[in-house]
Amino acid sequence: MDPRYDPHGVEERWQKTWEEEGLYKAGAGARSDETFVICVPPPNVTGELHMGHALNGSMQDCLIRWHRMRGFDTLWQPGYDHAGISTQNVVEKQLIAEGTSRQEIGREAFLERTWEWLDKTGRTIMGQFRRLGSSLDYSRERFTMDEGYVESVMTYFVRLWEQGWIYRANRIVNWCPYHQTALSDLEVEHVEMDDALTYARYPFADGSGSITIATVRPATILADVAVAVHPDDPRYKDAIGKQVVVPVVGRRVPVIADARVEPDFGSGALKITPGHDPTDFEIGRDHGLETLTVIGPDGRMTAPGFEGLDQKEADDRVVAWLKEHDQLEKRESLRHSVGTCERCHSRIEPLVSPQWWCRMDELAAPAIAALETRKVQYHPESQHRFAIDSLVSAPDWCVSRQLWWGHQIPIWTCPDGHRTCAWPPPTSCAECGTGELIRETDVLDTWFSSALWPFATLGWPAETPELERYYPGNVNTTAREIIRLWENRMIFSGLFLVGDIPFTDVIINSTVLAVDGRRMSKSLGTGIDPLEAVDRHGADAVRYGLLRISSTQDVRFSWDKIAEGAKLANKLWNVARLILQKAEGIEPTLRPSALEEQWIVRRIEDTRAEIDELLPVFDFAHVADALYHLTFDDFCDWYAEAIKPRLYDGDEAAIATALAALEHLLALLHPVMPHVTEEIWSQFHETRLIVSSWPEELPTGVEADALARVQEAAAIFRRSGVAPALEGNEKRIFDAVVKPERAKANGDAEAERERLRKEIARGEAMLSNERFVQNAATDIVAAEREKLERYRRELDAISD
RNA sequence: GGGCGCAUAGCUCAGCGGGAGAGCGCUCGCUUCACACGCGAGAGGUCCGUGGUUCGAUCCCACGUGCGCCCACCA
């Protein structure tokens, strides 16, 4: 064994072995019928592993391995999301680079091309998860567009249709002019931008002066149908009900009163353009105004005389017109946030277009109940309320997208306009029976299929044994911004379709920020590739480091903590070398006799109990911390040093116990650092640690108080220099406990006495305070009394 | 505008009603036969400010200051 642990090669070897031996498979090593199920949040087929995946994967794998060792039948389901707009984007860019376009080659060829691309370049992340040692059941990899999954998606849609929850409506939507599709509010990214705010005078039709409005998009003046003011705005009391003349087009429109107008903004008068602004759309609808359109789906003007102009040009033309007619009051700069497409960063165009919608009220109600009653619990708690609120206020779901890559909506229309929604594809119109059917060209929102992930991967709508066994699952871990897009939708979809929640706990993991606190992003150049970290320090170290910094809020990436993980692996490797060097032919047998043996068993047992409390509440950081200190401070610095002389002597009992203690230590560390622990395990075992038992409660034979006494007394010795610091023999510890009077030889005895006197004074002061004794919890008072007594004894022991 | 959260050692953070902690960094001493990714010893802190509650506050409450994030809206 090399004195320096090198994870390279070792890790890949175990990853291969585990998978080949079928130990990643669902149910491997199970010793009970109890299941523990996690679905990986399916990454985009187009994606590469980023730090968020790595953190998420480390958390999930830690839970899976812990449960597997505890005998559960575990399933960690892998797979990919087809990522409608992202994927289409990638392929479309390639086509453009080749001088063609998706429109030119047509839908069918485009889809073929996309599948081709996927087979060649897509689906890389599962390989990267393997390199992290993630024990997913890779034999069960699913894709949201594979055959069976399409079945699930189509069935879901038809069921919603049958409930009457799917409807078609013309509404104003976020339109991406580049992708030429509607986007949900959640796919829109708001960015701060500087714009010119144009103040324009609209003359009253009766010639009695004018009213000034302010707009950042003068081009949309062409589609104005009204001017609105706040009903209580004294400046405009008399204007309400009058007619004004819209510039350029000369249309007469009314001045209306609406409370949605913000009197303090601009001039306090708002031009109403229902065709190109969401608020105006609502105001227009409520006042029965007509909706005019002057911008097309490509973002270019369609108004007479402006055809084909881009909006900037149209803005300039309108402003020039205003200036010429002396209706331009002023222009000023305005910083405001503008919606952009999260994929291509084009400015979002609010456009009125026909879309398919899904009613949310009845779908959401059972999910809200499940959250209220905590059948599903979000972690941290602060996200729980948010999740409920966003379900309560969930607007109807725009499920259609004007994309090609995705699940084509299963609605067919006959020449008479009857609609048939069915799956498998109908052969005739449900109403008139004609066979002439044309399928809807829109595809479904990507999240529509993601919502089915927990049960579609198990074969739903078929009643498979897997569905029976592994649904509902247990944990889902994901990022905060996905709560409304994905988590909530899985919950209501599961309740609606399968009749049960998909999981009981949702962990919202922290966003991993760059070392400088900025967001990790490729475009900022602040991203760190998790695989680069793995190459540098090993997967175990990366897993440890990420878990160590994980928390309920955003965290900074830390190379230091990864390095700490590498150190821990090396330390473990070396202490194993120490114990194993004379262990040939000796069976691990836990028979703690010497004090330090009883003590380390107690420490291991305490840590095991601690982990068993921390993991159910997903506190990975403290698990990692506890393991670090157990290994370094307790196992290596104390226990190993203490038994060294007996190890050198080849004392079989000591070696057997040390092996057994090491075994337990390895087991505790395995969920966090699987590779190095399995590697060491294999030095003295034929079996595999990954499927071996999680330690049971261990008998120790040492009282907790005695342990504290050992450490305290030993600390006195260390400070005094009475025992050579590194001597590391068991006698030192034994003496420290049974002969505290040795402390009298301490050169710093006076300082120690001083410390004890201070402690005693403090304790006495507290205990003599009547209010304290009356009010404080009884165990605190008792603990104080006990401490005081102990300090008194100690002081006696080191006083002459 | 709504919501959540954070301010503790040079850095990154843990602790959250009764003794101020860890890792890294720093100083000093150790080529001790598991490990220099090591061992031992040590320096370093008005626990953001101001009030309040309490016998007692880094911890609870209020306000202030400074940060961060999520959501909504922005003519």
Side-chain angles (χ1 to χ4, degrees), chain A residues 1-5 185-186 190 192 195 197-198 213-217 220 228 260-262 265-273 277-280 334-339 380-383 385-386 389-390 393 480-481 483-484 508 510-511 513 515 517 519 537 541 548-549 551-561 563-581 621-622 625 628-629 632-633 636-637 640-641 644 647-648 718-719 721 724-728 755 758-759 762-763 765-766 768-777 780-781 783-784 787 791:
Chain A
M1 283 170 91
D2 200 278
R4 181 142 167 185
Y5 174 64
D185 289 347
L186 302 165
H190 291 270
E192 288 277 310
D195 260 321
L197 183 63
T198 302
I213 59 87
T215 180
V216 289
R217 301 180 64 197
T220 62
R260 280 165 285 199
V261 179
E262 183 59 60
F265 186 91
S267 63
L270 171 66
K271 70 187 207 57
I272 300 299
T273 321
D277 182 276
T279 313
D280 293 10
L334 174 73
R335 192 169 187 82
H336 66 151
S337 73
V338 175
E381 171 64 25
S382 57
Q383 299 300 333
R385 196 68 244 170
F386 171 76
D389 290 347
S390 41
S393 62
R480 195 173 38 223
E481 60 267 25
I483 290 176
R484 302 197 299 173
I508 301 302
S510 19
T511 304
L513 304 172
V515 182
R519 222 184 159 77
H537 296 287
R548 181 66 188 72
I549 60 171
S551 102
T552 55
Q553 31 179 128
D554 293 349
V555 295
R556 293 189 188 200
F557 179 78
S558 163
W559 281 111
D560 282 356
K561 290 289 185 274
E564 191 175 296
K567 258 173 57 177
L568 179 57
N570 185 62
K571 191 71 176 172
L572 200 61
W573 175 255
N574 274 293
V575 80
R577 281 198 331 142
L578 171 73
I579 294 169
L580 289 170
Q581 65 189 2
H622 285 102
D625 192 53
Y628 182 88
H629 289 292
F632 259 83
D633 302 348
C636 294
D637 293 351
E641 289 298 338
K644 246 180 194 174
L647 289 182
Y648 292 152
R718 280 182 181 174
R719 250 178 266 132
L726 259 175
E727 191 125 327
R755 186 184 72 88
K758 265 172 69 180
E759 293 292 353
R762 192 184 60 84
M766 259 168 65
S768 65
N769 184 323
E770 273 176 47
R771 308 260 318 246
F772 165 66
V773 177
Q774 273 167 19
N775 300 340
I780 292 177
V781 179
E784 272 309 315
K787 260 199 265 180
Y791 290 140

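Below, chains carry the letters A, B, ... as their sequence lines are ordered, and counting in each starts from 1.
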Any strand: nucleotide that pairs with G19(B) via Watson-Crick or wobble, under 3.5 Å: none

Arg217(A) CZ to Thr273(A) OG1 distance, which is reported to the nearest 0.5 Å: 8.5 Å

For A14(B), the Watson-Crick or wobble counterpart (both distances under 3.5 Å): none

Touch class at under 4.0 angstrom, heavy-atom based, for Gln383(A) against every strand present: nothing

Which nucleotide in G23(B), A34(B), C35(B) has an atom nearest any side-chain atom of Ala640(A): A34(B)

Interatomic distance at C1', C30(B) relative to C35(B), whole Å: 15 Å

Of the listed nucleotides C35(B), A14(B), G23(B), the one nearest the side chain of Glu641(A): C35(B)

Strand partner of G25(B), provided both Watson-Crick or wobble distances fall under 3.5 Å: none

Complement of G51(B), any strand, by Watson-Crick or G-U distances under 3.5 angstrom: C61(B)

Length of the CD-C1' vector between Glu381(A) and G5(B), whole Å: 14 Å

Atom pair distance, as rounded to whole Å: NZ in Lys561(A) and P in C11(B): 14 Å

Nearest-angstrom distance, P atom, G64(B) to G25(B): 42 Å

Whole-angstrom distance between C26(B) and G44(B), as gauged at atom C1': 9 Å

Touch class at under 4.0 angstrom, heavy-atom based, for Val216(A) against every strand present: sugar-phosphate

Rounded distance in Å - CZ (Phe557(A)) to P (U12(B)): 15 Å

Whole-Å gap separating C1' (C73(B)) and CZ (Arg260(A)): 14 Å

Inter-nucleotide P distance (C13(B), G68(B)), Å rounded: 14 Å

Nucleotide nearest Cys636(A) when distance is taken to its side chain, options A22(B), A34(B), A75(B): A34(B)

Least distance between heavy atoms, Ser551(A) atom then Ser510(A) atom: O-OG, 3.0 Å

Selected nucleotide, minimal atom distance to Ser382(A) side chain, candidates C4(B), A75(B), C35(B): C4(B)

Tyr648(A) vs Val555(A), nearer the 5' end of RNA chain B by closest nucleotide: Val555(A)

Complementary nucleotide for G68(B) - Watson-Crick or wobble, under 3.5 Å: C4(B)

Donor-acceptor contact present, side-chain Asp625(A) to main-chain Ala621(A), <3.5 Å: no

Options C39(B), C4(B), G15(B), nucleotide nearest the side-chain atoms of Lys571(A): C39(B)

Closest approach of Pro380(A) to Ile508(A) (non-hydrogen atoms, all atoms of both residues): CD-O, 4.1 Å

Sugar-phosphate only, base, or nothing, as touched by Ser558(A) at under 4.0 Å among non-hydrogen atoms: nothing

Pair partner, G45(B) [Watson-Crick or wobble, under 3.5 Å]: none

Among A75(B), C35(B), A22(B), the nucleotide that comes nearest once only the side chain of Asn574(A) is considered: C35(B)

Pairwise 5' ranking along RNA chain B for Ile579(A) and His622(A), keeping only the more 5' one: His622(A)

Among A34(B), A75(B), C35(B), the one nearest Leu578(A) by side-chain distance: A34(B)

Any donor-acceptor pair under 3.5 Å from Thr511(A) side chain to Asp554(A) backbone: no

Tyr5(A) vs A34(B): side-chain N/O to OP1/OP2 distance below 4.0 Å: no

Integer angstrom distance from the C1' of A7(B) to that of G45(B): 15 Å

Gap in Å between the two P atoms, one belonging to C33(B) and one to C16(B), rounded: 42 Å

Sidechain N-carboxylate O distance under 4.0 Å for Lys567(A), Glu564(A): no

Sugar-phosphate only, base, or nothing, as touched by Thr279(A) at under 4.0 Å among non-hydrogen atoms: sugar-phosphate

Touch class at under 4.0 angstrom, heavy-atom based, for Asp560(A) against every strand present: sugar-phosphate

Rounded distance (Å) that lies between atom C1' of C39(B) and atom CG of Asp633(A): 13 Å

Whole-Å distance separating the CG atom of Leu513(A) from the C1' atom of G5(B): 13 Å

Candidates A75(B), G23(B), A34(B) - which lies nearest the side chain of Tyr628(A): G23(B)

Whole-angstrom distance between C11(B) and C70(B), as gauged at atom C1': 28 Å

Short side-chain N/O contact to U12(B) OP1/OP2 from Arg556(A), under 4.0 Å: yes

Gap between atoms CG and P, on Asp554(A) and C67(B) respectively (whole Å): 18 Å

Pairing partner (Watson-Crick or G-U wobble, both distances under 3.5 angstrom) of C30(B): G38(B)

Nearest-angstrom distance from the residue atom NZ of Lys567(A) to P of G23(B): 8 Å

Closest non-hydrogen atom pair between Arg484(A) and Ser390(A), with its separation: CD-CB, 3.0 Å

Counter-base of A9(B), judged by Watson-Crick or G-U geometry with both distances under 3.5 Å: none

Spacing of the C1' atoms in A62(B) and A57(B) (rounded, Å): 15 Å

Arg484(A) side-chain N/O to A72(B) phosphate OP1/OP2 under 4.0 Å: yes

Thr220(A) and Lys271(A): CA distance, side-chain angles, deciding distance, side chain to side chain contact (heavy atoms under 4.5 Å, CB included) verdict: CA-CA 9 Å; Thr220(A) 62; Lys271(A) 70 187 207 57; 2.7 Å; yes

Selection from C70(B), A34(B), A75(B) that lies nearest to any side-chain heavy atom of Arg480(A): C70(B)

Trace of the side chain to side chain contact (heavy atoms under 4.5 Å, CB included) decision for Leu568(A) with Phe632(A): CA-CA 8 Å; Leu568(A) 179 57; Phe632(A) 259 83; 4.0 Å; yes

